[in-house]
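In what follows, a structure is listed as structure tokens, so that the remarks can point back to it.
Computed from a predicted model, the values in this text were never measured in an experiment.
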Amino acid sequence: MDTKLLTIRTLVSTLTSPSDQTRLASLRHLHRISNQDPTARPLISAAGAIPLLAEALYSLSHPIQEHAAATLLNLSISDRQPLISSPTLLDALSHVLSRHASTSSPAAVQSSAATLHSLLAVVAEYRPVVGAKHNILRALVDIIGGPNSPTRSVKDALKASFAVALHPPNRTDLIRFGAVPAIFNLMAKDKKRKSGIVEDATAVIAQIAGCEESEVAFRNVLGIPVLLGLLCLDHEKCSLRTKENTVSGLLNLVRYGGESVIGEVRERVEALDWIVYVQEHGSAKGKSKAVALLKILLDGGSNDKIVEDLYPVESNL
């Protein structure tokens, strides 16, 4: 038998050991192998590791949680199907995420959220499955809005939320669980805008704006003026990527909010100049969103056809 395969099978078999020390030693090795050798990832899955890695996420030992979660993240990069097929994975990820402020290791929280993003960004059919796990959505929102959440945890939760919101029905649930005030409060706290939080946050905003419930939720937090204010900041305070995300969010809002939102955007005259700037200097997707938004604002035409390409709204998350 191949030495690598034999080693992996031996390591996976010891994950059932009653000894935390034995399991931790094996998890460290599996973490390292899955990180350094992509060809080992399907061998790890085929050896039956995924349910055992998921079970390890319930451990009270932070090192065990961390190495198990990191290994799952590595597997999700190139060997997604076994994770998607696992009946125990989502509940285990939910367990870690839901306890981000108490018993979960911050590193395990980050890897768990990153695993969701890795799976959902690629596998569209998995998005409604995860969206139906409301505890996961609530946990992601809670991490984003948590006053003591580490920056890395927040960024990974934003990326996971973005991927969840690629499935349009999930946007309503994210709004219902408080994603809009959580994200806008987060942006208000990130005054220096050096961590990339605002860029990631506006990418999520652009997604969740694409549903019927968005206008009321955004108005409750003065979200439209905030987005217009971001759009009109100079380059040192607002990146081009943030401006593109903001244009996409405004485009979704004018679609679902209609004339009242259109009028509010039109009133901010300088915003039109910045939308033109995105049209001229943005990415291909950013340019198309800017063109569509300008057409609605300046021509007053129907916006239904213009925004047919909004799903999904692409970003650099």
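For the salt bridge (charged side-chain N to carboxylate O under 4.0 Å, His left out) test, residues two or more places apart in sequence or in another chain that qualify with Glu270 are Arg268. In this structure, the ring pair (Phe, Tyr, Trp, His ring centres under 6.0 Å) partners of Phe177, at least two apart in sequence or on a different chain, are His134. Shown here are the salt bridge (charged side-chain N to carboxylate O under 4.0 Å, His left out) partners of Lys133, two or more places apart in sequence or in another chain: Asp91. Applying the ring pair (Phe, Tyr, Trp, His ring centres under 6.0 Å) criterion to His100, with sequence neighbours excluded, gives no partner residue. Looking at residues two or more places apart in sequence or on another chain, you find no ring pair (Phe, Tyr, Trp, His ring centres under 6.0 Å) involving His62. Partners of Pro169 by side chain to side chain contact (heavy atoms under 4.5 Å, CB included), not counting sequence neighbours, listed by chain and number: His167. Every residue two or more places apart in sequence or in another chain that forms a side chain to side chain contact (heavy atoms under 4.5 Å, CB included) with Thr246 is listed here: Thr202, Leu227, Leu230, Leu231, Thr242, Leu250. Applying the ring pair (Phe, Tyr, Trp, His ring centres under 6.0 Å) criterion to His95, with sequence neighbours excluded, gives Tyr58. Taking the side chain to side chain contact (heavy atoms under 4.5 Å, CB included) definition, one finds that Ala165 meets it with Arg171, Leu174, Gln207, Ile208, sequence neighbours left out. Evaluation of the salt bridge (charged side-chain N to carboxylate O under 4.0 Å, His left out) rule for Arg32 yields no partner, not counting sequence neighbours. With sequence neighbours excluded, no residue forms a salt bridge (charged side-chain N to carboxylate O under 4.0 Å, His left out) with Asp79.
Within the 3.5 Å criterion, the main-chain N or O of Ile262 finds no donor-acceptor partner in the side chain of Arg266. Between the side chain of Asp234 and the main chain of Lys237, a donor-acceptor pair closer than 3.5 Å is present.
Aromatic ring centroids of His281 and Trp274 lie 6.0 Å or more apart.
Side-chain contact check for Glu244 and Ser283: at least one donor-acceptor pair (N or O, by modelled atom type) lies under 3.5 Å.
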Run the side-chain donor-acceptor check on residues 216-226: report pairs under 3.5 Å with partners two or more places apart or on a different chain.
residue, atom, partner, partner atom, Å
Arg219, NE, Glu215, OE2, 2.9
Arg219, NH1, Glu264, OE1, 2.7
Arg219, NH2, Glu215, OE2, 3.3
Arg219, NH2, Glu264, OE1, 3.4
Asn220, ND2, Val216, O, 3.3

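Of all heavy-atom pairs spanning Pro150 and Gln110, the tightest one is CB-NE2, 4.3 Å.
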